[in-house]
Amino acid sequence: MHGPVATTKGEAIARAEEAAERADALRQRADWLTHAILILGVALFALPIWIVLMGSTHDVATISRGEVPLLPGPYAIENYVAAWTEGSARTTRVPVSAMMLNSFVMAILIAVGKIAISILSAYAVVFFSFPGRMLAFWAIFITLMLPVEVRIFPTFKVVSDLGMINTYAGLIVPLIASATATLLFRQFFLTIPDELVEAAKIDGAGPMRFFQDVVVPLSVTNMAALFVILFVYGWNQYLWPLLITTTGDVETIVIGIVRMIGSEADTDWHLVMATTVLALLPPVAVVILMQRWFVKGLVETEK
Amino acid sequence: MATLELRGIRKSFGDVHVLHGIDLQVAEGEFIVIVGASGCGKSTLLRIVAGLETATEGRVLIGGVDVTRLEPKDRDIAMVFQNYALYPHMSVFDNMAYGLRIRGLPRAEIEQRVRRTAEMLGLGELLRRKPRELSGGQRQRVAMGRAIVREPKLFLFDEPLSNLDAKLRVQMRAEIKRLQRRLGVTSLYVTHDQVEAMTLGDRLVVMNGGRAEQVATPMEVWREPANMYVAGFIGAPAMNFLHGRLCSEGNAVDLRAGCAIALAAPPAGVKDAEVTVGIRPEHVRIVGNGTVGAIPLKVDLVEPLGAESLIHGILPSGEGLTVRASDCSPFAGTTLPVVLPAEHLHLFGEDGRRLRLAHARSATARVRAGA
Ligand SMILES: Nc1ncnc2c1ncn2[C@@H]1O[C@H](COP(=O)(O)OP(=O)(O)OP(=O)(O)O)[C@@H](O)[C@H]1O
Ligand SMILES: [Mg+2]
């Protein structure tokens, strides 16, 4: 009576173990494959950056010979000091430090300005009913279809007529309205329960109080995330600064790099590489800094 | 503390008429429960009192002052929402203090008031926490605390207990009642739970389709429902309704189920008419076989509830009848003789309104005298 039962039970256990082993093996193989793909991806993205980083530590001759150095060279400090303080004297007058400052001011003001304007317009569109509300919303929505590149000539005409060429204002103001950010804030505001708005009304909070005491604190995470995106967007602006900066005074780093690469022959490649590395740093710093913020935000908010 | 008066409140959202003229007088310190099925306009009415919604027609008076056109913040009311609506980024303390800060109270007084209220609600230990670090019951208390700390003229509650589990709900129900007694603040409480309504309210407003069907004390509503809607809505399990015909003298009713019941007194002014006879399941009497005037009830389903059983059966007329019996638990398929005692019958005219019976009045009178 017991015999056959025990056997079948034993068999079943053995079979289950076998299956478990097979599953483990399969899982290991899957792990291996996943890692291979990820490593390949990282290499694809990281290799150019690595080359730039290494290139910035060699002298101009090495790179001009057409070598692609994959190991650090001895000229790191000299190259970076030269780039930071003088820049590539052959093509621009402005040292990298000044261009970095221009880029930084532009990126910060664009990011902050975009957030400030879009959060206010989203607030108006979501929490107030006024005549033409939907019209306003659609007007904002439609500008999504008109990025700077599309409206560049009329914008340029307006800015130049206003005498804003070669000014920070000319660089920043035309880029500062953001339909995307407005829509993102709108989506977020729509998730704020009506009861919260009503509770605040009963507590006696007027629209500005509610904005400052409830809406802004609840939006901090979104603002941090947007700030990162918009800072990088501002930092990487190319076409508009290219048009609007005709002298070195407000030239941004991205434009600077392009102007450094004059003709193939007389480019200071070592300086270009060092400048590129320097230009990478602020966005990276912002991402790392803000990441701590919004990871914290993601963990802490909710309900 | 203040009185509240609603005069002919109507509300339409475009073409949708939600409230059709609500009148209500609330005395100082009274606890009024607004009860009704989902979608009957309870919340809308409460929001009109709060000032979150404007009435299409009618006036709202708080403490004798017409507040119809005032903003919520100028009405001196506090409201507890179903989902609590706590500020998620503020601590319990700040949640409770926010309204006081906006009113510009001195810091020391805010501190003192919040602490006192928190102690009263057993929240003393939790003041530093954020709402998400609280259980549902604790959040509910914070929402109550936020209302209490303001010391308003009027408390408004919109189904504040419906997100809690059954046990906690019973506990909080008692607590709300005690608090309201102690603070003596005039309160308006919306619920669709009739047990909450019966236990909490000094008076009930039973609403149906945007109308107040009856405004009376819980016992009055239960004992003398104004119409069939109220009769069917209040009381669980619901009242049985049977077809009947009032005889030509008006002093007896012929049930379609096959028996005549003599009434102690004819209903005023109605004779020889179709009526609906209502009887609560707990009032149907199960009698011995062969009792004169008994109706055979064919048992269809028996639901034991522990101390009692609910017996669902079919009368000879095909009408269903539910009986609540404490000492009888028959098998399905058997036949039980039942009697409908005349003193417990409710008669409703063809328009569904209650027909006043002479004995019903005297029954109430007796209870009042006894109380
Ligand atoms: N803003 C609005 N626009 C149009 N109709 C509305 C609006 N608010 C409420 N209603 C309608 O008014 C009616 C009453 O709504 P209300 O919220 O007062 O019901 P309720 O009695 O509180 O129901 P529940 O018990 O489900 O909360 C519903 O039929 C609802 O569809
Ligand atoms: Mg409701």
Side-chain angles (χ1 to χ4, degrees), chain A residues 115 119 122-124 126-131 133-134 184-227 290 292-303, chain B residues 43 46-54 70-91 94-105 110 129-136 139 142-143 146-147 149-150 152-160 163:
Chain A
I115 288 174
I119 200 171
Y123 185 60
V126 173
F127 289 103
F128 297 85
S129 52
F130 49 90
R133 172 160 88 141
M134 279 330 271
L184 281 174
F185 278 122
R186 173 179 178 269
Q187 285 324 104
F188 170 65
F189 290 167
L190 289 177
T191 68
I192 293 180
D194 288 345
E195 283 87 352
L196 208 57
V197 184
E198 291 172 349
K201 266 189 203 161
I202 288 178
D203 268 342
M208 278 337 278
R209 270 315 278 254
F210 180 67
F211 181 71
Q212 147 199 343
D213 293 346
V214 180
V215 172
V216 169
L218 287 179
S219 311
V220 165
T221 330
N222 289 29
M223 283 157 82
L226 262 176
F227 181 82
M290 297 308 264
R292 278 183 45 220
W293 254 79
F294 64 73
V295 167
K296 188 175 140 211
L298 286 180
V299 176
E300 276 199 358
T301 31
E302 276 314 292
K303 283 234 244 182
Chain B
S43 298
L46 199 72
R47 293 161 52 79
I48 287 172
V49 175
L52 295 169
E53 206 84 73
T54 45
L70 296 189
E71 287 288 311
K73 67 178 158 64
D74 301 321
R75 296 189 179 199
D76 201 5
I77 45 145
M79 186 157 170
V80 179
F81 295 86
Q82 178 174 354
N83 62 5
Y84 319 137
L86 301 177
Y87 307 115
H89 58 293
M90 292 187 197
S91 67
D94 291 336
N95 260 288
M96 287 167 69
Y98 188 57
L100 303 179
R101 287 198 185 125
I102 289 182
R103 277 173 175 70
L105 262 65
I110 295 178
R129 298 224 196 143
K130 295 269 177 69
R132 89 190 100 82
E133 297 160 344
L134 301 175
S135 73
R139 281 182 214 174
V142 177
R146 183 169 67 179
V149 80
R150 291 255 316 277
K153 287 198 186 119
L154 199 60
F155 279 148
L156 304 174
F157 301 90
D158 194 353
E159 308 200 18
N163 284 355

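In what follows, every chain begins at residue 1, and chains take the letters A, B, ... in the order their sequences are listed.
With a threshold of 4.5 angstrom between heavy atoms, B:Y87 approaches chain A through its backbone and through its side chain. Contacts of B:L156 with chain A are absent, with no heavy-atom separation under 4.5 Å from either backbone or side chain. Residue B:A143: no heavy atom, backbone or side chain, is found under 4.5 Å from chain A. For A:D213, the parts lying under 4.5 angstrom from a heavy atom of chain B are both the backbone and the side chain. Both the backbone and the side chain of B:I102 come within contact range of chain A, with heavy atoms under 4.5 Å apart.
Residues passing the salt bridge (Lys or Arg N to Asp or Glu O under 4.0 Å) test with B:E53 are B:R47, sequence neighbours excluded. In this structure, A:R133 has no side-chain hydrogen bond (donor to acceptor under 3.5 Å, both in side chains) partners at least two apart in sequence or on a different chain. Here A:V126 pairs with A:R186, A:F189, A:L190 under the side-chain contact (heavy atoms from CB on, under 4.5 Å) rule; sequence neighbours left out.
In this structure, the side chain of B:R146 engages the main chain of B:Y84 through a donor-acceptor pair within 3.5 Å. When atom types are taken as modelled, the side chain of B:R129 and the backbone of B:L134 share no donor-acceptor pair closer than 3.5 angstrom.
Comparing B:E71, B:M90, B:R150 by heavy-atom pairs within less than 4.5 Å of chain A, the highest count is held by B:R150. Put simply, of B:P72, B:A50, B:A147, the one with the most heavy-atom pairs under 4.5 Å next to chain A is B:P72.
For the atom pair CG (B:L46) and CG (B:D158), the distance works out to 5.5 Å, reported to the nearest 0.5 Å. If you take CZ on B:R75 and CG on B:L70, they are separated by 6.0 Å, rounding to the nearest 0.5 Å.
The number of heavy atoms from other shown groups lying within 6.0 Å of CD (B:E133) is above 12.
Taking the six-membered ring for Trp and thresholds of 30 and 60 degrees, A:Y123 and A:F128 have ring planes more than 60 degrees apart, a perpendicular arrangement.
Proximity to chain B at a heavy-atom threshold of 4.5 Å picks out A:I202, A:D203, A:G204, A:A205, A:R209 from residues 202-209 of chain A, in numerical order.
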